[in-house]
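Report on the structure given below.
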Amino acid sequence: MMKLLLAIQVMTILSYSQNNYEVQRAHHFVIDGLIDEWGAIPYTDEFVFHDTGRPANQSTRVKVAWDDLHLYLAYVADDSEVIATEGGQDSPLYNTDDIFEFFIDPDGDGLNYLEVGVNSMGIYYDYIIKCNGEGCGGWEDDKDFDLGGLQTSGGSLHTRQGYVIEVKIPFSAMNLIRDGSFDTPVPGDTWRINFFRVDKSLSGTDFLSWNPHGSFGFHQPSQFGSMVFRESDPLSLDSSSSSDRTNPLLVSP
């Protein structure tokens, strides 16, 4: 019976390991947490509990886009109880705060990958993770690494509905990561990636992900999803002022 339950658990985890997102090419975005300019760029599927794939208690979705120089992410989280502190850059905010995390492994080898976490105030940490255990059951993090030019938004859009975070990463900064094979993408390239949420409340903490993981918490690169860089016609930007832009937490997507 124990072997049967284990087999069912493994099959359940594997059944959630095929998430794929197509990253559309788009214009430069203003990193201000107001994302109507993202237009028709699609959201990911809803985040779920990272170890079981069960539906989450609150909605979490991400949009991703790129241009010749940058990767862009827009994170929208429903949250009835936003928890954030003013910790310094690279502090372990995942122990205290609501966090949006993403891990990027362009060459897909699971050995060196980027981890970035951002709280709802836009404060972030950026690490390089080096796997030194089977399936990344053990790892080392390089906290001295700095992802030069990274920009975040946050803080201004706290509402009773939740919060929004935008992130902008120069590809040139990722090209400097040693042994990571972080080359600037071209259309058709596929990167392994996963998106996570640490959702804290007075009653406990929910650990959520776009692609469920099972064991080892979030650090299981074999269970990352994939994103494919696509060429597309440039998307029109909204020319309205930032004060006219809509809060995505207050309108339907």
Side-chain angles (χ1 to χ4, degrees), residues 19-47 56 58-79 82 98-104 114 116-122 124 147 149-159 161-171 173-174 184-191 193-197 208-211 225-253:
N19 275 352
N20 182 72
Y21 183 90
E22 295 197 351
V23 185
Q24 302 298 316
R25 184 186 288 276
H27 284 293
H28 171 84
F29 294 126
V30 177
I31 306 302
D32 58 5
L34 297 159
I35 64 172
D36 62 316
E37 65 204 55
W38 286 71
I41 293 176
Y43 282 103
T44 62
D45 293 338
E46 290 278 356
F47 287 24
Q58 301 188 104
S59 174
T60 316
R61 294 176 297 168
V62 180
K63 291 174 179 267
V64 188
W66 69 300
D67 60 23
D68 290 338
L69 300 177
H70 302 96
L71 184 71
Y72 302 91
L73 303 97
Y75 167 84
V76 179
D78 289 351
D79 199 333
V82 179
D98 290 319
I99 291 293
F100 165 49
E101 282 195 323
F102 55 94
F103 296 176
I104 299 176
L114 176 68
V116 177
V118 188
N119 75 1
S120 61
M121 300 177 69
Y124 69 89
L147 195 59
L150 183 148
Q151 296 180 34
T152 66
S153 69
S156 61
L157 287 184
H158 283 200
T159 72
Q161 287 80 15
Y163 59 98
V164 176
I165 296 170
E166 284 185 295
V167 180
K168 174 182 175 181
I169 304 174
F171 290 126
M174 289 192 279
T184 300
V186 297
D189 281 357
T190 299
W191 287 7
I193 189 167
N194 213 349
F195 309 108
F196 305 98
R197 176 180 180 180
L208 310 174
S209 68
W210 171 60
N211 214 64
S226 299
M227 66 180 187
V228 182
F229 291 88
R230 297 299 189 195
E231 187 65 81
S232 59
D233 293 332
L235 302 178
S236 297
L237 293 178
D238 184 354
S239 59
S240 62
S241 67
S242 61
S243 62
D244 295 328
R245 294 179 185 163
T246 48
N247 181 346
L249 295 169
L250 303 180
V251 296
S252 299

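Note that the structure is a prediction, hence the values are computed from the model and not measured.
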Which residues pass the side chain to side chain donor-acceptor pair (under 3.5 Å) test with [X], sequence neighbours left out?
X	result
T44	none
N194	H213
S209	none
T184	N175

Can you tell if the side chain of [X] reaches within under 4.5 Å of the side chain of [Y], non-hydrogen atoms only?
X	Y	value
R197	Q58	yes
I169	H70	no
M174	L147	yes
I193	W210	yes

*Apply ring-ring contact (aromatic ring centres under 6.0 Å, His included) to F229 and list each qualifying residue two or more places apart in sequence or on a separate chain.*
W66, W191
*Sequence neighbours left out, what passes ring-ring contact (aromatic ring centres under 6.0 Å, His included) with F47? Give chain and number order.*
none
*Do F100 and Y75 make the cut of ring centroids closer than 6.0 angstrom?*
yes
*Taking the six-membered ring for Trp and the single ring otherwise, decide whether the centroids of F103 and F196 are under 6.0 Å apart.*
yes
*When you measure from the side chain of Q24 to the backbone N and O of E231, does any donor-acceptor pair fall under 3.5 Å?*
no
*So, does E37 use its side chain to make a donor-acceptor pair with the main chain of V30 at under 3.5 Å?*
yes
For [X], give me all partners under side-chain contact (heavy atoms from CB on, under 4.5 Å), at least two apart in sequence or on another chain.
X	result
N20	E22, S226, V228
A56	L208
T152	V118, Y124, L150, V167

For the student: nearest non-hydrogen atoms of [X] and [Y], plus distance:
X	Y	value
S120	V82	OG-CG1, 3.4 Å
I165	S153	CG2-O, 3.6 Å
Y21	P42	OH-O, 2.6 Å
D32	E166	N-OE1, 2.9 Å
A74	I35	CB-CG2, 3.9 Å
E46	S59	OE2-OG, 2.8 Å

*Spacing of F195 atom CZ and M227 atom CE [to the nearest 0.5 Å]*: 6.0 Å
*Within 45° of the axis and under 6.0 Å from the centre of the six-membered ring of Y72, does NZ or CZ of K168 qualify?*
no
*asked:* Applying side-chain contact (heavy atoms from CB on, under 4.5 Å) to I104 and L71, what does each step give before you reach the verdict?
replied: CA-CA 11 Å; I104 299 176; L71 184 71; 3.8 Å; yes
_Name the residue from D78, D98, V76 that meets the side chain to side chain contact (heavy atoms under 4.5 Å, CB included) definition with Y163._
D98
*Residues D68, R25: salt bridge by 4.0 Å N-O rule*: yes
